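The figures that follow rest on heavy atoms only: side chains count, while hydrogens, waters and symmetry mates do not. Below, chains carry the letters A, B, ... as their sequence lines are ordered, and counting in each starts from 1. Here the structure is a predicted model, which is why all the values come from computation and not from measurement.
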Protein chains: 2
Amino acid sequence: MLADSIAKLIEEMLESGGGQLELKRNEMANQLGCVPSQISYVITSRFTPERGYIIESRRGGGGCIRIIRKQMHKNEYLMHFFYAIGDSIEENEAMAYASNLLDGDFITPREFALIRAAVTGITSVPPAAKGMVRADIFRHILLALME
Amino acid sequence: MLADSIAKLIEEMLESGGGQLELKRNEMANQLGCVPSQISYVITSRFTPERGYIIESRRGGGGCIRIIRKQMHKNEYLMHFFYAIGDSIEENEAMAYASNLLDGDFITPREFALIRAAVTGITSVPPAAKGMVRADIFRHILLALME
DNA sequence: CGGTTTGACTTTCTTTGACTTTCGTTTTAT
DNA sequence: ATAAAACGAAAGTCAAAGAAAGTCAAACCG
């Protein structure tokens, strides 16, 4: 469906733009072969404030639409962990961090279990490298939690 | 009887879809030569929540009906993936599995993002070994989801 | 009578296009 | 040279048409 593929495109652009994007309505509509108001429809029906998006726009020559995915202060907290990790981390350290996240209601018990599975599930890596791989994974997970 | 054969068809589709399916009501009715509301009747009379089914739908252009079997049994479904993985898996394969889990409501969007983070976050592993590490992690995660 | 079948009608979501508003630029009048 | 007017290029709005699923009551078997 048209609306869905536009929404997907916008989400991808948001992703690669780190939560922000600017688009030209007419241009986009042209590329997708649809009428410009279709873009408006998708934005107003899918990227609403209730779902955590801020929309700004400017009309006239050189106008555009900006979409911003709101992020909460939670991210600052997560960032704190992100920098604390360093480039290698032991299993128990990682799980201590995860416990903090759970305690602070930043993750659910299931998500906690999932993180433990990921962090302890790297059996096929040489022992010397495990710490680095763990840190890798954990940092990526933190980033995912910030979305 | 009509209702029974529709129910049978849906059950078969559920089976081959690993417990989930998406159908277009009008299309199906057309193929079976019956009125669309007959499909609705079968779904509401046979695939009820009490019998372990989740029904979702969307109206309008491109709309559809999704049926998910949740009772019989989550772990069976997860096991299916567990064995399908093998001892090495590519990123896109892994994410395809994860998408299925998401579609089937076995994981939340956040959990999906978390899995992606784990699966794509193993940058500090020699390319040749990545597949194995990924498979490791993914299997562990599946086990975690089974509780 | 109880479960089926049907079809008319409703609701929801999508698509389109005509018309409006806003903004930057360019032209014109003083 | 400057202020006003005109123009064109966006985006906004809205209503109508279209596409699908939902509802419900009447008719129809068993």
For this session: Grab the CD-P distance between Q38(A) and dC13(C) for me, whole Å please.
Result: 15 Å
Exercise. Can you find a pair of side-chain heavy atoms, one from T108(A) and one from R110(B), that are under 4.5 Å apart?
Worked result: no
Problem set entry | Evaluation steps, salt bridge (Lys or Arg N to Asp or Glu O under 4.0 Å), between E11(A) and R69(A) | CA-CA 10 Å; E11(A) 257 147 33; R69(A) 194 166 40 197; over 6 Å; no
Exercise. So does N26(A) get a side-chain nitrogen or oxygen closer than 4.0 Å to the phosphate oxygens (OP1/OP2) of dA9(D)?
Worked result: no
Exercise. Is R46(B) near enough to dT4(C) that one of its side-chain N or O atoms lies under 4.0 angstrom from OP1 or OP2?
Worked result: yes
Exercise. Has the side chain of R58(A) got a donor or acceptor atom that lies under 3.5 Å from a matching backbone atom of G62(A)?
Worked result: yes
Seminar exercise, completed: Per atom distances to the M1(B) side chain, the nearest of dT16(C), dT14(C), dT5(C) is dT5(C)
Exercise. Is the shortest side-chain N/O distance from S57(B) to OP1 or OP2 of dG22(D) below 4.0 Å?
Worked result: yes
Exercise. Taking the side chain of R59(B) as heavy atoms from C-beta outward, which of dT5(C), dA11(D), dA20(D) is closest to it?
Worked result: dA20(D)
Exercise. Does the base of dG22(D) carry an N or O that pairs as donor and acceptor with the side chain of S40(B) under 3.5 Å?
Worked result: no
Problem set entry | 5' precedence on DNA chain C between G61(A) and S45(A) (nearest-nucleotide basis) | S45(A)
Problem set entry | From dT4(C), dA11(D), dG7(C), nucleotide with atom closest to V35(B) side chain | dG7(C)
Exercise. Do L142(B) and M132(B) belong together in a cluster built from hydrophobic side chains that touch within less than 4.5 Å?
Worked result: no
Exercise. OP1 or OP2 of dT4(C) less than 4.0 angstrom from a side-chain nitrogen or oxygen of Y41(B), does that happen here?
Worked result: yes
Problem set entry | Separation of dT22(C) P from E56(A) CD (nearest whole Å) | 17 Å
Exercise. Taking only N and O in the side chain of R58(A), is any of them less than 4.0 Å away from OP1 or OP2 of dA9(D)?
Worked result: no
